[in-house]
Amino acid sequence: METKNNIRHIAFIMDGNGRWAKKRMMPREYGHKFGAKKFKEIASHCYDMGLQYLTFYAFSTENWKRPDNEVNSIMKLFMEYLDDAKKSLDKDVGLVFIGERDRFSEEMLAKMEFLENSTKNCPKKLCIAINYGGRAEITSAVNKLIAEGKTKITEDDITANIYSGFCPPPEMIIRTGGEVRLSNFLMWQSAYSELFFTDTLWPDLKASEVDDIIDQFAGRKRRFGGV
């Protein structure tokens, strides 16, 4: 099935969970719980539209600076997601976790690797960026190539060695929460991505708003440096 406007890959920066909870006089962890539910809802909607690739910014390398109780809450939600995904493997969607893995427990790593291996032949891909940083991703790719003995590194070399090298670059990046920046997300892949920013906090994002943004995408001229 072809997607609307022939979009294959959308990436999301899921911002605003904490502020959503604060507006309701609740702890930030409450917002992350609802944000996790919204992630599943939006992903399902996008796949129903025919998208082949989705990437979600779940946790950055800088997010470890947040209060311990918030970080622990996010990691607990992630473990619950891994357990749920294991119980209900989707034959169409392959899970891939992009980012550095050195700070995760052996139990978490084992669950991530099981899901990746179990779904690696699925036609659609769901990339979850966790302990992810765009600059670290590029640095990792370059260091890997140097270790392999490369003396002249090309753009194609880097593209093939970044965490998500198997994915085409996203046509669109959507950020919720009102901030207007990429925050170290997909720095290499986003060179020609169309950027969309909405004031809607992530837990409040509706599928209809995603549809509206995709309609806006159709009106943009994508020249890729040409005329």
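Since the model is a prediction, treat every value here as computed from it, not as a measurement.
When the side chains of ILVMFWY residues are joined at heavy-atom separations under 4.5 Å, either directly or via intervening members, Leu201 and Val210 end up in two distinct hydrophobic clusters. Linking Ile, Leu, Val, Met, Phe, Trp and Tyr residues whenever their side-chain heavy atoms come within less than 4.5 Å places Leu115 and Ile128 in a single cluster. A single hydrophobic cluster is not seen to contain both Tyr30 and Leu77; linkage of ILVMFWY side chains at heavy-atom distances under 4.5 Å, directly or through other members, places them apart. Hydrophobic clustering places Phe56 together with Met49 (ILVMFWY residues linked when any side-chain heavy atoms are closer than 4.5 Å, directly or through intermediates).
Judged purely by atom type and a 3.5 angstrom limit, Ser193 uses its side chain to pair as donor or acceptor with the backbone of Pro170. Distance alone, capped at 3.5 Å, is enough to place a donor-acceptor pair between the Arg19 side chain and the Gly177 backbone. With hydrogens and angles ignored, the 3.5 Å screen pairs a side-chain donor or acceptor of Ser105 with a backbone N or O of Met108. Between the side chain of Asp204 and the main chain of Thr200, no donor-acceptor pair closer than 3.5 Å is present. In this structure a side-chain-to-backbone donor-acceptor pair under 3.5 Å is present from Asn72 to Asp68. Judged purely by atom type and a 3.5 angstrom limit, Ser118 uses its side chain to pair as donor or acceptor with the backbone of Phe114. Between the side chain of Asp48 and the backbone N or O of His45, no donor-acceptor pair lies under 3.5 Å. Glu171 contributes a side-chain N or O that, together with a main-chain N or O of Arg8, makes up a donor-acceptor pair within less than 3.5 Å. At least one donor-acceptor pair closer than 3.5 Å links the side chain of Arg24 to the backbone N or O of Trp20.
Taken to the nearest 0.5 Å, the CG atom of Asn131 stands 6.5 Å off from the CZ atom of Arg103. Put simply, CG on Asn17 and OG1 on Thr176 are 7.5 Å apart, with the number rounded to the nearest 0.5 Å. With values rounded to the nearest 0.5 angstrom, Asp15 atom CG is found 7.0 Å from Ser183 atom OG. Rounding to the nearest 0.5 Å places CG of Asp211 at 6.0 Å from CD1 of Ile214. In this structure, Ile174 CD1 and Ile42 CD1 are separated by 8.5 Å, a value rounded to the nearest 0.5 Å. Between the CZ atom in Arg175 and the CZ atom in Phe196 there is a gap of 16.0 Å [rounded to 0.5 Å].
Within 6.0 Å of CD in Glu106 there are 12 or fewer heavy atoms belonging to other residues, nucleotides or ligands. No more than 12 heavy-atom neighbours from other residues, nucleotides or ligands sit within 6.0 angstrom of CZ on Arg135.
Considering Tyr81, Phe78, Trp64 in turn, Trp64 is the only one that fulfils the ring-ring contact (aromatic ring centres under 6.0 Å, His included) rule with Phe59.
The nearest pair of heavy atoms linking Cys167 to His9 is CB-CE1, 4.1 Å. Taking both residues in full, the closest heavy atoms of Tyr47 and Gln52 are given as CE2-O, 4.1 Å, listed atom of the first, atom of the second, then distance. Scanning all heavy atoms of the two residues, the minimum distance from Lys124 to Leu51 falls at CD-O, 4.0 Å. Taking each heavy atom of Pro27 and Ala21 in turn, the nearest pair found is O-CB, 3.2 Å. For Lys120 against Lys125, the heavy-atom pair with the smallest separation is O-NZ, 2.9 Å. Closest non-hydrogen pair, Leu95 versus Ala85, comes out as CD1-CB, 4.0 Å.
For the pair Cys122 and Thr119, the minimum side-chain heavy-atom distance is below 4.5 Å. Side-chain atoms of Ile10 and Phe217, non-hydrogen and from C-beta on, never get closer than 4.5 Å to each other. Using a 4.5 Å heavy-atom threshold, the side chains of Leu109 and Lys111 count as separate. Between Tyr53 and Pro168, some side-chain heavy-atom pair lies under the 4.5 Å cut-off. Residues Arg101 and Met112 are in side-chain contact: their nearest non-hydrogen atoms beyond the backbone lie under 4.5 Å apart. Using a 4.5 Å heavy-atom cutoff, the side chains of Cys46 and Leu54 are in contact. Met75 has its side chain out of reach of Glu80: every pair of non-hydrogen atoms, C-beta onward, lies at least 4.5 Å apart.
Judged purely by distance below 3.5 Å, without hydrogens or angles, the side chains of Thr61 and Glu100 never pair a donor atom with an acceptor atom. One side chain, His32 or Glu70, offers a donor N or O that lies under 3.5 Å from an acceptor on the other. Of the N and O atoms on the side chains of Ser140 and Asn143, not one donor lies less than 3.5 Å from an acceptor on the other residue.
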side-chain contact (heavy atoms from CB on, under 4.5 Å) assessment of Met14 paired with Lys38: CA-CA 9 Å; Met14 303 181 289; Lys38 182 60 62 173; over 6 Å; no
Mind running side chain to side chain donor-acceptor pair (under 3.5 Å) on Gln189 and Ser164 for me, showing each step along the way? CA-CA 9 Å; Gln189 301 90 323; Ser164 61; 2.8 Å; yes
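Grouped with Ile13 in one hydrophobic cluster are Tyr57, Val96, Ile98, Tyr132, Tyr163, Phe166, Ile173, Val180, Leu182, Phe185, Leu186, Leu195, Phe197, the linkage being side-chain heavy-atom contacts under 4.5 Å among Ile, Leu, Val, Met, Phe, Trp and Tyr residues.
Between Phe34 and Trp202, a ring centre-to-centre spacing not shorter than 6.0 Å is recorded.
Glu148 and Lys150 are not joined by a salt bridge, as no carboxylate oxygen comes within less than 4.0 angstrom of a charged side-chain nitrogen.
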